[in-house]
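All remarks here apply to the structure that follows.
Values below: all heavy atoms of this structure, side chains included; hydrogens, waters and symmetry mates excluded. In each ligand, atom 1 is the first atom listed, and ligand 1 is the first ligand listed.
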Amino acid sequence: MADVEWWRSAVIYQVYPRSFADSDGDGVGDLPGVTGKLAYLADLGVDAVWLSPFYRSPMVDGGYDVADHRDVDPVFGTLSDFDGMLAEAHKVGLKVIVDIVPNHTSDQHPWFQEQRRDQYVFRNGRGERPPNDWQSLFGGPAWTRVADGSWYLHLFDPGQPDLNWRNPQVRDEFDAILRFWLDRGVDGFRVDVAHGMIKAEGLPDLGRNTVLPYFDQEEVHEIYRAWRKLIDSYPGERMTVAEVFDSEPDRVARYVAGDELHQAFNFDFLEAPWDPAVLRGVIDASLEAAGNVGAPTTWVLSNHDRRRHVTRFGGGLTGLRRARAAALLMLGLPGSAYVYQGEELGLPEVLDLPDEVRVDPQWIRSGGREPGRDGCRVPLPWEGDAPPFGFSPARRSWLPMPPEWAAATVAVQRDDPDSMLNLYRKALRLRRPAREFAWRPAPDGVLCFETERFLVAANLGGSPVPLPTAPVLASSPLTDELPPDTTVWIRT
Ligand code: NOJ
């Protein structure tokens, strides 16, 4: 399948730079920290790394509030650290995808500081009230009032004013930003809030509508058609992956229909409970929607915005066992898969972070009603018996790490043939691009499908079922049967 673009079947590892590895001892991860761990990622067997934002930012939203798109924030290092990391990644055979955040900037961005109002969405209010009834996705009104009495729109935090994508200067600026990173040699972009840049004409009240007036407007597709041309003008197989939320897989598929972006995250898969009927339905719908437009399906279980799946699937040993089974299910499917840092260690969500260490705007703006996303962003445990487990040369990490993670460090798992880490390593060594897919008959509660590589059987039911042949890989120890919450790969 050498003639097929790499991203169609790639396994892409998400690095959340604040929490991956700290080289300089400030307790926050950084780019030299990433460089130092590239050998680990190459050994894990992934094809590419997607880095969440490391640009200049006041870090109101963990770097998704960008103040300068063409520079690295000092907390993460320098541009030359980025170049060094990219060169080293390419040397060990890893592609690098960076995050692009086009829906909004930081309020510290020069445009906002210089009060360039045409670049943003400013409106007059209705008396003392905001221009419309839109709510911020982090809670509270989506509008903030400035000194002259007008209001600006922010779908997220007030520190993240929304850009006005009907202004050609905004489009030109983002073309230049894409070129800046493509010229440096990146292999692609993850597009933040890809469905949100164009707001409905006239900014109508949401009222009782369920279709959000800032989602998936027709004109947003023009932007991606232009981006695709720009990206295709570069040599090599550069790619893009869209963060699009829509309950209709066919609407998501429009973003990857040939002349737009390359992939979209499969949030239906991420949101599916550990339930065979639901998962089967999601797999069918995803394969069909992407297949209709000739795009690869993607699969994802966790990311920096969601509760980690070990916890979602029940936590404790049950959650861990299901997460192992889910990993082999995901990696056995055709298409491309995304692995969030730490899932290869089986890390759970940290549910008991003390209030005073939480920094996520979701937590802050909901007045503590929403737990927020800090619990899935706790730094990775690399080695040693006590926090910060080799994450940082300092004594502390920016979020505290649970002492019991001593048993989950990379160093411990590397030496244990049955660890989650070694399960991912083995799966990624055996995995090959697959395009064919067919369900096979199976007992109740079992998902069984065949690709040109493997017969994959996942038992999500409550009792063991017979196994046809000896598998090449199993997510948990087998008897002569396939026990509950276990997935196997059988060579076909
Ligand atoms: C999606 C990102 O994944 C999330 O972390 C961020 O808060 C919002 N977009 C706003 O940029």
Spacing of T240 atom OG1 and R190 atom CZ [to the nearest 0.5 Å]: 12.5 Å
Contact partition for Q362 relative to ligand 1, non-hydrogen atoms under 4.0 Å: neither
In ligand 1, the atoms that come under 4.0 Å of a heavy atom of H104 are 10 (C), 11 (O)
The closest protein heavy-atom partner of atom 5 (O) of ligand 1 is D305 OD1, 2.7 Å
Any residue meeting ring pair (Phe, Tyr, Trp, His ring centres under 6.0 Å) with Y120, in chain and number order, not counting sequence neighbours: F112
Report, in ascending order of atom number, the atoms of ligand 1 lying under 4.0 Å from any heavy atom of F138. 7 (O)
Euclidean distance, W134 CH2 relative to D205 CG, rounded to 0.5 Å: 9.5 Å
Please list, in number order, the atoms of ligand 1 under 4.0 Å from a heavy atom of R377. 5 (O)
Heavy-atom nearest pair, W6 first then A48, reads CZ3-CB, 3.8 Å
With R123 as the cation and W151 as the aromatic partner, state whether NZ or CZ is under 6.0 Å from the six-membered ring centre and within 45° of the axis. no
Determine whether any heavy atom of R306 lies closer than 4.0 Å to an atom of ligand 1. no
Does the ring center of F391 lie less than 6.0 Å from the ring center of W382? no
In terms of side-chain geometry, is the basic nitrogen of R373 or D61 positioned less than 4.0 Å from the acidic oxygen of its partner? yes
Region of H154 engaging ligand 1 - heavy atom pairs below 4.0 Å: neither
Proximal atoms of ligand 1 relative to F156 (non-hydrogen, under 4.0 Å): 8 (C), 10 (C)
Which is it for F265 and ligand 1 at heavy atoms under 4.0 Å: side chain, backbone, both or neither? neither
Would you call the rings of F265 and Y338 parallel, tilted or perpendicular, where under 30° means parallel and over 60° means perpendicular? perpendicular
Check each atom of ligand 1 against the heavy atoms of R373 and keep those under 4.0 Å away; list them by number with element. 4 (C), 5 (O), 6 (C), 7 (O)
Who's the nearest protein heavy-atom neighbour of atom 6 (C) of ligand 1, and how far? D61 OD2, 3.3 Å
In terms of side-chain geometry, is the basic nitrogen of D73 or R56 positioned less than 4.0 Å from the acidic oxygen of its partner? no
Where the closest heavy atom to atom 9 (N) of ligand 1 is concerned, which of D99, D192, D65, L155 has it? D192
Please could you name the atoms of ligand 1 that V193 approaches to less than 4.0 Å, counting only its heavy atoms? 9 (N)
